[in-house]
> 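Following this message is one structure expressed as structure tokens.
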Amino acid sequence: MTDRCNFRCHYCMPEKQKFLPHGDLLDYREISDIASRFIDHGIRKIRLTGGEPLVRRDIEILIRALGQHVHSGRLEELTLTTNGSRLAQFAPILAESGIRRINVSMDSLDPARFAKITRGGKIDSVLSGIEAAKSADISVRINMVAMKNGNEDDLLLMAQYCAENGHDLALIETMPLGSGVDGRTDEFIALDEFIAPIKDLNDFSSLNHRTSGPARYWQVEPLGLRLGLITPMSKNFCDDCNRLRLTTEGKVFMCLGSNLNVDFRAAIRNEGIGAVDRLLQKALRLKPERHDFEKQMENADLRLDRHMNATGG
Ligand code: SAM
Ligand code: SF4
């Protein structure tokens with residue numbers, strides 16, 4: 001939806017991040033037309049992300065337009081990944097647009113630590129956003145990026161908070177995307193190690209539950225928590241990934257770990273929306289067998305220059 005964001009999570013982007021000029025962005029009509037054409041081709045699930053999707057001006061216009069496909073039954077699911085800071089305002093609009101579940105990123109419940117990780121984010125706005133989503137009958141999964149010596153001791157509290165409030169919790173290993181980001185290697189921790197403290201106190205049983213993403217789910221008892229583990233680094237999940245990502249400047253990337261992409265914006269502006277049919281086939285052929293984050297973590301020279309806010313998580 002946008003590469004811009006009102007937070008600056010230190011693992012996502014540098015403090016002084018350059019954003020795309022507004023003129024480079026797809027407008028809402030273009031996004032809506034591309035989405036519609038994708039749906040014609042069999043895409044059944046769309047996730048809105050960014051950057052922070054809810055900071056783009058008048059985003060409700062696009063959300064409502066995409067929601068029409070859910071209401072008409074053409075689209076199985078419309079969902080959103082957000083930092084939650086503007087959810088209190090948007091939750092009712094999301095619900096009206098057929099959004100039934102969302103992911104909200106929150107790496108710590110401690111206000112000072114949260115502000116430090118996000119470089120200035122206010123946790124109260126996120127917590128009240130989550131409450132608003134709950135009141136609008138939208139189920140919430142909290143996304144928590146695991147950081148060595150960063151938020152390891154927040155895990156138990158976060159797990160308890162999620163269990164008590166009926167949210168799923170997904171833990172994410174950091175991926176080495178983008179330049180100018182400090183502490184990539186020092187901060188990395190494999191999830192097996194990150195969850196050890198709660199594993200000692202609870203039983204984990206594997207669940208068949210799957211969403212459309214890479215998380216593998218576990219039931220954690222007696223905590224009463226459904227826990228998702230997203231392990232791009234320690235346990236590769238590329239085999240069954242069928243995602244494609246349309247960036248705000250109209251490029252389709254088939255993998256977070258590859259710079260190969262197809263430029264839809266130029267083609268639809270020159271040839272009209274029909275160009276999508278041809279370009280989608282071209283993009284699908286670019287899907288790599290797997291990403292190479294392990295090598296990119298070890299060797300900074302191999303890292304892609306693109307930050308996570310350009311493609312969404
Ligand atoms: N702004 C929204 C948010 O924070 O939820 C949506 C975009 S954000 C890029 C999507 C997800 O990617 C978030 O859960 C975030 O924590 C995660 N993320 C960002 N940079 C990451 C990185 N280098 N490695 C792993 N996850 C990352
Ligand atoms: Fe913004 Fe999300 Fe990146 Fe944090 S992770 S800086 S909230 S886009």
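Counting convention: from 1, in listed order, for ligands and their atoms alike. Since the model is a prediction, treat every value here as computed from it, not as a measurement.
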> Determine the minimum heavy-atom distance between Met297 and Thr174, stating which atoms define it.
CE-O, 3.7 Å
> Need the ligand 2 atom indices (1-based, order shown) with element for anything under 4.0 Å from a heavy-atom of Gly51.
8 (S)
> Need the ligand 1 atom indices (1-based, order shown) with element for anything under 4.0 Å from a heavy-atom of Ser105.
3 (C), 4 (O), 5 (O), 13 (C), 14 (O)
> Find all atoms of ligand 1 within a distance of less than 4.0 Å from any non-hydrogen atom belonging to Asn83, and give their numbers and elements.
2 (C), 3 (C), 5 (O)
> Please evaluate residues Leu155 and Ile198 with respect to the criterion side-chain contact (heavy atoms from CB on, under 4.5 Å), reporting the C-alpha separation (whole Å), side-chain torsions for both, the decisive distance (0.1 Å), and the verdict.
CA-CA 8 Å; Leu155 176 59; Ile198 61 166; 4.0 Å; yes
> Drop me the distance from Phe38's CZ to Leu244's CG, to the nearest 0.5 angstrom.
5.5 Å
> For atom 15 (C) of ligand 1, state which one of Phe7, Phe293, Tyr11 supplies the nearest heavy atom.
Tyr11
> How far does CG of Leu227 sit from NZ of Lys199, to the nearest 0.5 angstrom?
10.0 Å
> Which ligand 1 atoms are under 4.0 Å away from a heavy-atom of Gly51?
1 (N), 2 (C), 6 (C), 7 (C)
> Got a donor-acceptor contact below 3.5 angstrom from the Arg100 side chain to the Asp137 backbone?
yes
> Just wondering, is there an N, O or S atom on Cys5 that's nearer than 2.8 Å to atom 3 (Fe) of ligand 2?
no
> Which residue and atom name correspond to the protein heavy atom nearest atom 6 (S) of ligand 2, and how close is it?
Cys9 N, 3.2 Å
> Would you say Ser105 touches ligand 2, if touching means a heavy atom closer than 4.0 Å?
no
> Under 4.0 Å from any heavy atom of Val145, which atoms of ligand 1 are there?
16 (O), 26 (N)
> Under 3.5 Å, is there a donor-acceptor pair between the Arg306 and Asn259 side chains?
yes
> Taking non-hydrogen atoms only, is Cys12 closer than 4.0 angstrom to ligand 2 via side chain, backbone, both or neither?
side chain
> Does Arg290 make a cation-pi contact with Phe237 (under 6.0 Å, within 45 degrees of the axis)?
no
> Short list, please: which atoms of ligand 1 are under 4.0 Å from a heavy atom of Glu173?
25 (C)
> Quiz question: by atom type and distance under 3.5 Å, do the side chains of Arg47 and Thr81 form a donor-acceptor pair?
yes
> Return the residue, atom name and 0.1 Å-rounded distance of the protein heavy atom closest to atom 27 (C) of ligand 1.
Met308 CE, 3.5 Å
> Just by distance, no angles: are the side chains of Arg210 and Asn208 close enough, under 3.5 Å, to form a donor-acceptor pair?
no
> If you count the atoms of ligand 1 from 1 in the order shown, which ones are under 4.0 Å from a heavy atom of Gly50?
7 (C), 9 (C)
> Around atom 24 (N) of ligand 1, find the nearest protein heavy atom and jot down its residue, atom name and distance.
Met175 N, 2.8 Å
> As an exercise, identify every atom of ligand 1 less than 4.0 angstrom from a heavy atom of Thr49.
6 (C), 7 (C)
> Could you measure the distance from the CG atom of Leu304 to the NE2 atom of His291? Nearest 0.5 Å is fine.
11.5 Å
> Does ligand 2 have any atom that is closer than 4.0 Å to a heavy atom of Met308?
no
> With a heavy-atom distance limit of 4.0 Å, tell me whether Thr82 approaches ligand 1 through its side chain, its backbone, both, or neither.
backbone
> What do the steps show when you test Glu77 against Arg101 for salt bridge (charged side-chain N to carboxylate O under 4.0 Å, His left out), and what is the final call?
CA-CA 9 Å; Glu77 181 170 67; Arg101 64 178 186 104; 2.7 Å; yes
> Output yes when a side-chain donor or acceptor of His209 lies under 3.5 Å from a complementary backbone atom of Arg216, and no otherwise.
no
> Would you mind listing which atoms of ligand 1 come within a distance below 4.0 Å of any non-hydrogen atom of Glu52?
1 (N), 2 (C)
> Just by distance, no angles: are the side chains of Gln219 and Glu221 close enough, under 3.5 Å, to form a donor-acceptor pair?
yes
> Using a strict cut-off of 4.0 Å, indicate which atoms of ligand 2 neighbour a heavy atom of Met13.
6 (S)
> Distance to 0.1 Å, residue and atom name: give those for the protein heavy atom nearest to atom 10 (C) of ligand 1.
Gly313 N, 3.5 Å
> Ligand 1 versus Thr81, non-hydrogen atoms closer than 4.0 Å: side chain, backbone, both, neither?
both
